Amino acid sequence: MKSLVITQAILEQHKLSEEEYKKILEILGREPNWTELGMFSAMWSEHCSYKSSRIHLKKLPTTGPRVVQGPGENAGAVDIGDGLCAVFKMESHNHPSFIEPYQGAATGVGGILRDIFTMGARPIALLNSLRFGGLDNANTRHLLKGVVSGIAGYGNCMGVPTVGGEIVFNDIYALNPLVNVFCLGIARKDKIFLGKAAGVGNPVIYFGSKTGRDGIHGATMASDSFDEQAAQKRPTVQVGDPFTEKLLLEACLELMAGDCLVGIQDMGAAGLTSSACEMASREGTGVELELADVPRREPGMTPYEIMLSESQERMLMVAKAGREDEVIKICRKWDLDVAVIGRVTDTGKVVLKENGQIVAEIPAKALADDGPRYDRPSAPPAYQEMLQSLNYDALPDVKDANATLLELLGAPTIASKRWVYEQYDHMVRTNTMVRPGSDAAVLRVKGTNKALALSVDCNGRYCLLNPYEGAKIAIAECARNLACAGAEPIGVTDCLNFGNPQRPEVMWQFVLAIEGLKDACEALSVPIVSGNVSLYNETNDLSIYPTPMIGMVGLIEAADRTATQWFKQAGDVIILLGRTREDLGGTEYLKIVHHREQGSPPLLNLEDERAVQACTIGLIREGLVQSAHDCSDGGLAVALAECCVSGPNGTVGAVVQLPLDGLRRDALLFGESQSRVVLSVKQEQVDNVLNAARNAGVPASRIGVVGGSRLVIRVDGDQRVAGCTIDLEVTSVQERWALAIPRALGQD
Amino acid sequence: MKAKIHVTLKQGILDPQGKAIEHALDSLGFKNAANVRVGKYMEVDVNETDSAKADAQVKQMCEKLLANTVIEEYRYELQ
Amino acid sequence: MNIGVVVFPGSNCDHDCEYIFKDVLGQSVKMIWHKDTLPAGLDAVVLPGGFSYGDYLRTGAIARFSPVMGAVKTFARDGGLVIGICNGFQILLEAGLLPGVMLRNTSLNFICKDVYVKVENAATRFTNRCESGQVLKIPIAHADGNYYTDPVTLGGIKANAQVIFRYCTAEGKITPEANPNGSLDNIAGIMNADGNVLGMMPHPERSAETLLGNEDGRLIFLSMLSAFGKSEQPSRLVGV
């Protein structure tokens, strides 16, 4: 092996610190060569090693009676009965999507799909959480269109429905959009596949697309902050090929149906390097690979390039010795490139050869597990107190509630996302019982009587104002969305998007958010089984809001006992579960109307939350409710409006009367108090529902009736009621809400 | 003047479409077909008689809109 | 009834079609790999939706050369029942089993939503369980569903009652607003002159179960069963 002189400049280029380099020298007992340096650089990047986050992630609750596979594998798996598992994970593709929105988002979808089907699960649903700047910005419109068509282009072609998601528009994300994709698959519990290189002598087989020079150093790029020079990093963009991935999916599932496979992992970030060393490290074995046998798209590729390429749609597997031909036959059937490129060894090392000559030799564990860990300093930002303090007396109360409601409904964060989800095939595989546009998506599980509810959520502004409370609320709200579909939460995946961890204030946000996730998950008895951390989300020194995105899966035991958010029938009675407090801090209302993103986020009492959710689930299971809708962005008035206009079969009005109870009018109408659910129930079930709530210790009040062609919300007990009565034609409410995004894009 | 513009993926960038077409040609018996690359062809009438100015404009059109220069390259003729 | 569902590389509604015929309607279904030929004894062949060959080059353009398509043509020529749904319809057009072509949707976007179609001809082997003029709610999911053909051909298929479904309003009015993709004459589905090959863009398999909230699409499959004097077998699954 040729050694080379490692200069400071080379280390910087590889994002390795001097200390990290010293550790590499210690591990190898010599200087690394170029290929080895590249492999360490990729595996020890923040993206692959979780070096800043790992010590904190350990605090998260990851166990439970249903957990079949927790964090550390390609995805988590949770038992749903009938011998089946729900396999799911969420992942970010933020940086690539900023550089090239279509391909960045598309390859993000491709990556998460592979994580799911490498586990032996057939993917049945995709969701996504997106964050963009304001739609008045031309570049944001370009990014939104690109990302949406990228997700559509890949997911639709794969035949995996995109059944839900959420999008928030806030200027803080203008130069650092977030593209987080969640995927869920179904696997047989006794047929879960793991990424392990077991059985010395077993063949290591490469299959999928050929290796090109795509995305070399994608992993280190994802661990880098953006600056004006971002454009220069462009050659690293990968192009997705969903057609090949579809073949890869079918080939994998066909291979897995037999018994020739020992372990399998997809080549995601850090490509062949990460799959090879992680598979060996998990099993305590080694692998020896012959790089000349790796299928290549371009001539003259160096070992460095082959090992660090992030070409998409590639897999690495270990098969049983002597069964190579079976594997090759199935891969060929699906027109995929396939090659035996090495063997499992007992050396504990990843040994790479090129035409028989050793070109790299590194202990697998050193790359995969023994990377640096940092307990980075954390401290609250200087501006934190200023952010949280807000003098509400200086803010005028609502003067024209009609106008305010319409303004909120027209805000892109609240407005209908139909323009987006109509571009996604959300019905393929014929499981989608509740389509996008309700609190949670609901899919039946074929071959059983069950259904799964899925939701993704996070309010980054709450997390900015109070990372602990914000993270708690993200879990609570996600679970509440599931409860509104009648589903009991059974597992969580997270995608933790934060700024630069080398800034103490970012670490402070991160550490507190982890605490919040932990406490909320424990209170709601739901484990976190998989996840992803995306740091360095900052551009020109400006960090995004801390955004710990949550994806949650809920189980519905009887598929036909579920609910949707929209009102069903005139004459039904509207009941509010939960208590309205003066929770104005961090609300969408404060941002849109008063242009402030300040205050303390709404108070969340986890006991109350648990009770409201249990009560809601119980009522839906009993078949007592016609609709259930979570109260969130925009508060009660917006929730009621959504109940009137979001149904697939047209609009319906409602007449509501709310007691003021000494609150500000804006807090009553637009405040975002937690643990509230809007129900509609048949007249004859009202007493049953109110009794059930009382027995569960959940505040419940009858607030109105469904029907008519107007949305009327009157506020009682206030002298100045005139300005705070909402009285609008539902069709005009619907128009504002439905057309806001297409209008902003010039596509109405 | 008329600009005839060809936009293709940069060398080294994966061309999934080209790959699938190449494979189909092979199954149809065109065994000598290789390296299929799919691109776009556009014609634009530029209302400009000065060829240097027209050239500058077409270049701008390509840079700004017609080609996605992150992954595509372009060439054109002006007549 | 014996159904064959053809699986092209990139087909993704193949399992959905299998599920409807086998699990919901209780019929016998064989999945047929595109490199194979059709087995003997089939009553009907389904070309399912999806993105055969990634929709690369043109939708259906590469799939029409798949080895199985020779057998499908023979099967159709001999009077076998063939239904192409979405990408299957696009393949039938490229293969020349049905007249016309598909263009990009006028919005240029992929569109997935419920639409209404009017049954223009209920005297076919695919629609005998519908009323003439009946309005069905069936979802679409495609980027290239903008049907086009030359005026002479259009005149011919209209005169011959080969236009089976047209996009309409919920009330059954054929209007430009009810046309989701710019399709010529609001055409959503057509049949060949012999009446044994149907192509349609909407996905009836996605709207054939109560649990999914809509059973309109089931009428098309039930019609195919009726054409063979068969009826659906009670499903062994609860909730479908």
Side-chain angles (χ1 to χ4, degrees), chain A residues 122 124 145 148-149 151-162 241-247 249-251 333-336 418-436 442-451 558-562 564 648-650 747, chain C residues 7-20 23-24 33-36 48-56 62 86-87 105 107-115 137-143 170 180 202-214 217 236-240:
Chain A
R122 180 175 280 284
I124 64 161
K145 288 178 193 171
V148 168
S149 33
I151 291 171
Y154 209 101
N156 295 354
C157 183
M158 283 295 290
V160 179
T162 300
D241 180 359
F243 171 58
T244 297
E245 176 122 323
K246 170 72 172 156
L247 304 179
L249 159 68
E250 299 301 335
K333 171 188 164 185
W334 291 99
D335 292 328
L336 295 168
R418 198 167 88 175
W419 179 87
V420 175
Y421 64 73
E422 270 189 4
Q423 297 185 51
Y424 303 147
D425 188 338
H426 47 265
M427 302 181 219
V428 62
R429 302 209 65 75
T430 61
N431 297 316
T432 313
M433 293 171 54
V434 178
R435 299 176 185 177
V442 178
L443 292 102
R444 58 107 171 260
V445 182
K446 279 181 183 160
T448 76
N449 285 330
K450 295 182 171 123
D560 54 353
R561 289 298 167 91
T562 182
T564 45
N649 301 318
Q747 296 192 5
Chain C
V7 182
F8 296 98
S11 291
N12 64 32
C13 302
D14 45 341
H15 294 135
D16 302 353
C17 292
E18 178 190 27
Y19 186 80
I20 281 297
D23 298 276
V24 179
W33 182 237
H34 75 117
K35 286 179 185 167
D36 297 336
F51 288 68
S52 58
Y53 291 94
D55 271 2
Y56 298 147
I62 302 180
C86 198
N87 189 226
N105 295 345
S107 70
L108 301 180
N109 285 339
F110 187 96
I111 306 170
C112 176
K113 65 174 185 184
D114 280 329
V115 297
K137 183 165 89 173
I138 304 181
I140 53 166
H142 60 247
H203 286 270
E205 78 279 12
R206 299 184 180 188
S207 52
E209 299 174 70
T210 37
L211 195 61
L212 303 183
N214 180 359
R236 55 189 170 81
L237 289 171
V238 185
V240 293

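In this text, all values refer to a predicted model and were calculated from it rather than measured experimentally. Chain letters run A, B, ... following the sequence lines, proteins first, then strands; residues in each count from 1.
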Review point. Where on A/A559 is there a heavy atom nearer than 4.5 Å to chain C: the side chain, the backbone, both, or neither?
Key: both
Study note, to complete from the structure: Honestly, the part of A/E245 sitting under 4.5 Å from a heavy atom of chain C is neither
Check your understanding: Side chain, backbone, both or neither: which part of C/Y56 has an atom under 4.5 Å from a heavy atom of chain A?
Key -> side chain
Check your understanding: C/S207 versus chain A, heavy atoms under 4.5 Å apart: side chain, backbone, both or neither?
Key -> neither
Revision key, fill the gap. With sequence neighbours left out, the residues meeting side-chain contact (heavy atoms from CB on, under 4.5 Å) with A/R418 are A/S416, A/Y421, A/E422
Check your understanding: Looking at C/F51, does the NZ or CZ of A/K246 lie under 6.0 angstrom from its six-membered ring centre and within 45 degrees of the ring axis?
Key -> no
Check your understanding: Is it true that C/F8 and C/Y53 have ring centroids separated by less than 6.0 Å?
Key -> no
Exercise for review: Name the member of A/L247, A/D335, A/L249, A/N156 that forms the most heavy-atom pairs with chain C at distances under 4.5 Å.
Suggested key: A/N156
**Study point:** Non-neighbouring partners of A/Y424 that pass ring-ring contact (aromatic ring centres under 6.0 Å, His included), sequence neighbours left out
**Key:** none
Practice item. For the pair A/D241 and A/T244, evaluate side-chain hydrogen bond (donor to acceptor under 3.5 Å, both in side chains) and give the outcome as yes or no after the intermediate values. Key: CA-CA 6 Å; A/D241 180 359; A/T244 297; 2.5 Å; yes
